[in-house]
Amino acid sequence: FTVSTLRPPMVYGKGCKGNYPKLVHLALKSPIFPDVRNRRSMIYIENLMAFVRGLIDHRQGGLFFPQNAEYVSTGAMVREIAKAHGKHPFMPRLINPILRALPINVIQKAFGDLTYDQALSQVDWDYQVCDFAESIRRSES
């Protein structure tokens, strides 16, 4: 009997719940979006499933922090979502300092950094089914 505890960051994919659909809505409805260069740990659902399969196959137990191979910014995510739908929002960086200065929790939550150290996500098998751009295309198809 092996016990594994997973602590994934935001999980996204086709039909997911939570913040991802809200971001999709903004990306498709808003003609302008700030080009914030924050860093976020995320994991695409197929990458997470491959990670869980690896845990089972390798009979690994312990505490795990799976995530995509690269950190993602909110701006990059909006850009890829819009691109998947044939849209190209205007993304100025001029308003970034104003956003970062606002003490509003929602602004900080959406545009702040939230990462796990990549070293925490290293295991003896490859669970990266697809990269970020491909994961957005699959999520939005």
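Note that the structure is a prediction, hence the values are computed from the model and not measured.
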Visitor: Under the ring pair (Phe, Tyr, Trp, His ring centres under 6.0 Å) definition, can you give me all pairs with a residue in residues 54-73, not counting sequence neighbours?
Guide: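 Sorted result for residues 54-73: F51-F64, H58-W125, F65-Y116.
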Visitor: If you link I, L, V, M, F, W and Y whenever their side-chain heavy atoms are under 4.5 Å apart, who else ends up in the same group as I32?
Guide: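 Answer for I32: F90.
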Visitor: I'd like to check the side chain to side chain donor-acceptor pair (under 3.5 Å) partners of R7; sequence neighbours left out, ordered by chain and number.
Guide: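 R7 satisfies side chain to side chain donor-acceptor pair (under 3.5 Å) with no other residue.
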Visitor: Are more than 12 heavy atoms, taken from residues, nucleotides or ligands other than H25, located less than 6.0 Å from that residue's NE2 atom?
Guide: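 No - once you tally the heavy atoms of other residues, nucleotides and ligands closer than 6.0 Å, there are 12 at most.
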Visitor: Answer with yes or no whether the hydrophobic clustering places V123 together with V11; edges join I, L, V, M, F, W, Y residues whose side-chain heavy atoms lie under 4.5 Å apart.
Guide: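 They do share one cluster, since a chain of ILVMFWY contacts under 4.5 Å joins V123 to V11.
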Visitor: Please name all residues satisfying side chain to side chain donor-acceptor pair (under 3.5 Å) with Y20, sequence neighbours left out, ordered by chain then number.
Guide: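 Once residues adjacent in sequence are excluded, the partners of Y20 under the side chain to side chain donor-acceptor pair (under 3.5 Å) criterion are E140.
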Visitor: Under 3.5 Å, is there a donor-acceptor pair between the side chain of S30 and the main chain of F33?
Guide: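 No; zero donor-acceptor contacts below 3.5 Å.
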Visitor: For S41, check side chain to side chain donor-acceptor pair (under 3.5 Å) against everything at least two apart and list the hits.
Guide: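 S41 satisfies side chain to side chain donor-acceptor pair (under 3.5 Å) with Q67 once adjacent residues are dropped.
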Visitor: By salt bridge (charged side-chain N to carboxylate O under 4.0 Å, His left out), which residues pair with R138, not counting sequence neighbours?
Guide: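 Expected list: E46, E134.
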Visitor: Pairing donors with acceptors under 3.5 angstrom, does anything connect the side chains of Y127 and N68?
Guide: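 Their side chains do not contain a donor-acceptor pair, so the 3.5 Å distance test is not met.
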Visitor: Would the distance check show the side chain of D113 and the main-chain N or O of R39 forming a donor-acceptor pair, the cut-off being under 3.5 Å?
Guide: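 The answer is yes, because a donor-acceptor pair under 3.5 Å joins these two groups.
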Visitor: Within the side chain of N47, is there an N or O that forms a donor-acceptor pair under 3.5 Å with the backbone of V129?
Guide: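 Yes.
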Visitor: So does I56 get a backbone contact from the side chain of Q60, meaning a donor-acceptor N/O pair under 3.5 Å?
Guide: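 No, because the side chain of Q60 does not come within donor-acceptor range (under 3.5 Å) of the backbone of I56.
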